[in-house]
Asker: 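Pasting a structure below so you can have a look.
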Amino acid sequence: MTKKLLAAVLAVAMVMGLTAVAFANSTTGCQEGADCNHAASITIGDVTTHYDTLNEAIEGAAASKQEQCTIKLLRPVTESYVKFLNETKTAITLDLNKFGIHTEADGSDVIGIYVPNLNLTIRNGSLTAFSETTYGIYAYTQREEFPGANNLDLELENVSIRTKDQSLGVQGLNYDQNVTLKNCVIETATTGIYFPPRSGKLIVEDSQITAVNNGIIVKGGEVEILGEKTQITATGTPEVSDKPYDGNVQGLGFPKTGNAIYIEGNYDKGNRPINVVVKDGTLESDQAAALGMNFVTNLEAQTLTVEGGSFSSDVAQFTDEGTTYIKLTSETGTVRSYFAGAKAGANAAKAAQAGDTLSVEQGDVNLTNLPGGILVKNNGGGNVTVDGGPIPQGPTPEPERPDVPANQGTRRTMAEAEKKTVEFWDGVVAEIEDAKAGETLSVETEYYVLWMPVRVIDALEAADDVALKISHRG
């Protein structure tokens, strides 16, 4: 029996059981504390009701006919099948209360959603499952007596989800799947989030996703990635497929791309709307591209746009013409990162180390707070400045970087200095032998000086209290 079919059968058993015993194991006479053995509570007005199981509390909240109802977890809970099975107009908040929900079941979910029009907020706790066939949170489509989870509003806040199988997903036949993660953590041995709906929006804000096969798979709907704390990482080796995933319930052909975000465009004969926008965050892949698209034939209906963020691979093709885009290359020539958007300059400066090169490939930027030893190139023809000083477009010669011992920062007198001159890359020689304390030594050079050889530093340190002013001839 497949994972999804097994989950449906188990859900049928659950709803039959709950119909028979609904609210039988509840009490209004228990106070929270060491003597309370109940799993959860709900409060309506001045009355707080405790329940033996979380499923019973969910049933109580759904039947409350309140505009809003909060379920509060009273202890860590291990239940085989936490399910939302009864349609309700009540907006439900599941406050995990810094506790967790765990399941040992195979072929199931930590939380399964089977009904439409559910407004559910989950906050402040953890969801865990260690079976290789059990999901974290999953919203199912219509089947048998269950109408399916259309028109879903699901918000997760300060929630961690740790699973071996998918941590969060909806099914591809669902409509209006609106899912938001804020300050959440997802860790999985497979795929972090699967988002293929006919319509809806996924928002990931200031959250971390660490996955193996895929960080996020998108096959439908809108996706927005934002928040500088967001980090999406995929570590797995990509497996090439000659055809897209067709929704097989056994999971046959499910993508394994190694991408932080992967877009696949075959649903609805390749016309299902997809709109992914990355506004901020760090997206990385250990073995593949950070962003991937495949089997996309309708580029007007299915789009990926990078407005900001930091990336482990080149994403220039997804940026608009005016978006600032910077490449960070190490001293050995290895490209380390790419930065896009309004924060590109600040993020690049923060990541750069002595010996690195920052190549501005597109857009305008004023680089500030750069560490020493950074070469800046303006390859895109934009307005590029370093602390207000312009960097002209065109190739910039690499400075000579002599193999000399690292400067230890010791102060020496003029008589002890081995160098009495400062020599720059275009042959300009600045005499410092006659410089006196308190004076300024002015030098004009052909190139912008963003990295200074050790011999220059030694010479300057030999002249106590002598300032060096470097200006560009242009």
Side-chain angles (χ1 to χ4, degrees), residues 39-42 53-55 57-58 61 68-84 91-105 108-114 118-131 134-140 149 152-170 177-195 200-211 214-217 223-233 260 280-282:
S41 69
I42 62 173
T53 70
L54 177 56
N55 275 311
I58 291 172
Q68 196 280 334
C69 186
T70 296
I71 303 170
K72 182 179 178 182
L73 215 58
L74 301 177
R75 58 175 172 81
V77 167
T78 298
E79 295 192 18
S80 296
Y81 316 110
V82 175
K83 308 292 183 185
F84 286 82
I92 297 176
T93 295
L94 176 53
D95 183 359
L96 299 176
N97 195 24
K98 298 183 180 179
F99 295 122
I101 304 173
H102 177 70
T103 181
E104 297 287 349
S108 185
D109 320 282
V110 181
I111 296 177
I113 301 171
Y114 291 84
L118 181 63
N119 185 328
L120 174 63
T121 298
I122 305 174
R123 66 189 185 199
N124 301 331
S126 64
L127 309 176
T128 56
F130 302 131
S131 168
T134 293
Y135 296 159
I137 303 175
Y138 208 82
Y140 288 90
L152 171 67
D153 286 302
L154 173 63
E155 181 171 327
L156 308 178
E157 185 175 0
N158 297 315
V159 174
S160 66
I161 308 176
R162 291 176 171 85
T163 60
K164 288 188 176 180
D165 210 336
Q166 293 176 34
S167 293
L168 175 62
V170 305
Q177 306 291 280
N178 299 301
V179 181
T180 300
L181 285 77
K182 294 181 179 179
N183 300 307
C184 292
V185 175
I186 287 178
E187 295 179 2
T188 178
T190 56
T191 295
I193 300 176
Y194 179 54
F195 197 73
K201 186 172 185 178
L202 169 67
I203 299 174
V204 179
E205 180 178 357
D206 286 328
S207 296
Q208 292 80 52
I209 300 172
T210 304
N214 319 273
I216 302 175
I217 294 179
V223 177
E224 186 175 32
I225 309 297
L226 66 158
E228 62 182 15
K229 296 179 182 178
T230 290
Q231 184 158 357
I232 304 174
T233 304
D280 207 345
T282 300

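Computed from heavy atoms alone, side chains included, the values below leave out hydrogens, waters and symmetry copies.
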Asker: Applying salt bridge (charged side-chain N to carboxylate O under 4.0 Å, His left out), can you list everything that pairs with K72, at least two apart in sequence or on another chain?
Answerer: E32
Asker: Applying salt bridge (charged side-chain N to carboxylate O under 4.0 Å, His left out), name anything that partners R162, two or more places apart in sequence or on another chain.
Answerer: E187
Asker: In Å and rounded to the nearest 0.5 Å, what is the CG to OG distance from N158 to S126?
Answerer: 12.5 Å
Asker: Considering the options L127, I111, I137, which one meets the side chain to side chain contact (heavy atoms under 4.5 Å, CB included) requirement together with L168?
Answerer: I137
Asker: Between S41 and L74, which heavy-atom pair has the shortest distance, and what is it?
Answerer: OG-CD2, 3.9 Å
Asker: If you take all heavy atoms of F84 and I92, which pair is closest and at what distance?
Answerer: CE2-CD1, 4.2 Å
Asker: Which one of L54, L96, D95 satisfies the side chain to side chain contact (heavy atoms under 4.5 Å, CB included) criterion with I71?
Answerer: L54
Asker: Return a table of donor-acceptor pairs under 3.5 angstrom between the side chains of residues 179-186 and protein atoms on other chains or two or more places apart.
Answerer:
none

Asker: Taking side chain to side chain donor-acceptor pair (under 3.5 Å) as the test, write out the residues that go with Q177, two or more places apart.
Answerer: N174
Asker: Which heavy atom of A57 sits nearest a heavy atom of A40, and at what distance?
Answerer: CB-CB, 3.8 Å
Asker: With sequence neighbours excluded, tell me which residues meet side-chain contact (heavy atoms from CB on, under 4.5 Å) with A260.
Answerer: I232, L283
Asker: With S80, which residues qualify under side-chain contact (heavy atoms from CB on, under 4.5 Å), at least two apart?
Answerer: A105
Asker: Taking only residues two or more places apart in sequence or in another chain, which ones pass side-chain contact (heavy atoms from CB on, under 4.5 Å) with T93?
Answerer: Q68, T70, T121, R123
Asker: Calculate, to the nearest 0.5 Å, the distance between atoms CD and OG1 belonging to E79 and T53 respectively.
Answerer: 5.0 Å
Asker: So how far is it from L73 CG to F99 CZ, rounded to the nearest 0.5 Å?
Answerer: 7.0 Å
Asker: List the residues meeting side-chain contact (heavy atoms from CB on, under 4.5 Å) with A129, not counting sequence neighbours, and say none if there are none.
Answerer: T103, V110, T134, T163
Asker: Quick one, I216 and L202 - any side-chain contact, counting heavy atoms below 4.5 Å?
Answerer: yes
Asker: Taking side chain to side chain donor-acceptor pair (under 3.5 Å) as the test, write out the residues that go with T190, two or more places apart.
Answerer: T188
Asker: Under a 4.5 Å cut-off applied to non-hydrogen side-chain atoms, are L94 and I58 in contact?
Answerer: no
Asker: Work out which heavy atom in Y194 is nearest to a heavy atom in Q166; give both atom names and the distance.
Answerer: CB-OE1, 3.3 Å
Asker: Among T233, I193, T191, N214, which residue meets the side chain to side chain contact (heavy atoms under 4.5 Å, CB included) test with I209?
Answerer: I193
Asker: Taking the side chain as C-beta and beyond, is there a heavy-atom pair between V77 and V82 under 4.5 Å?
Answerer: no
Asker: Considering only heavy atoms from C-beta outward, does the side chain of K229 approach that of Q208 to under 4.5 Å?
Answerer: yes
Asker: Go through the structure and list residues passing salt bridge (charged side-chain N to carboxylate O under 4.0 Å, His left out) with D280, not counting sequence neighbours.
Answerer: K343
Asker: I'd like to check the side chain to side chain donor-acceptor pair (under 3.5 Å) partners of T128; sequence neighbours left out, ordered by chain and number.
Answerer: H102
Asker: How far apart are the closest heavy atoms of E228 and D206, and which atoms are they?
Answerer: N-OD1, 3.4 Å
Asker: State which residues pass side chain to side chain donor-acceptor pair (under 3.5 Å) with T230; sequence neighbours excluded, sorted by chain then number.
Answerer: none
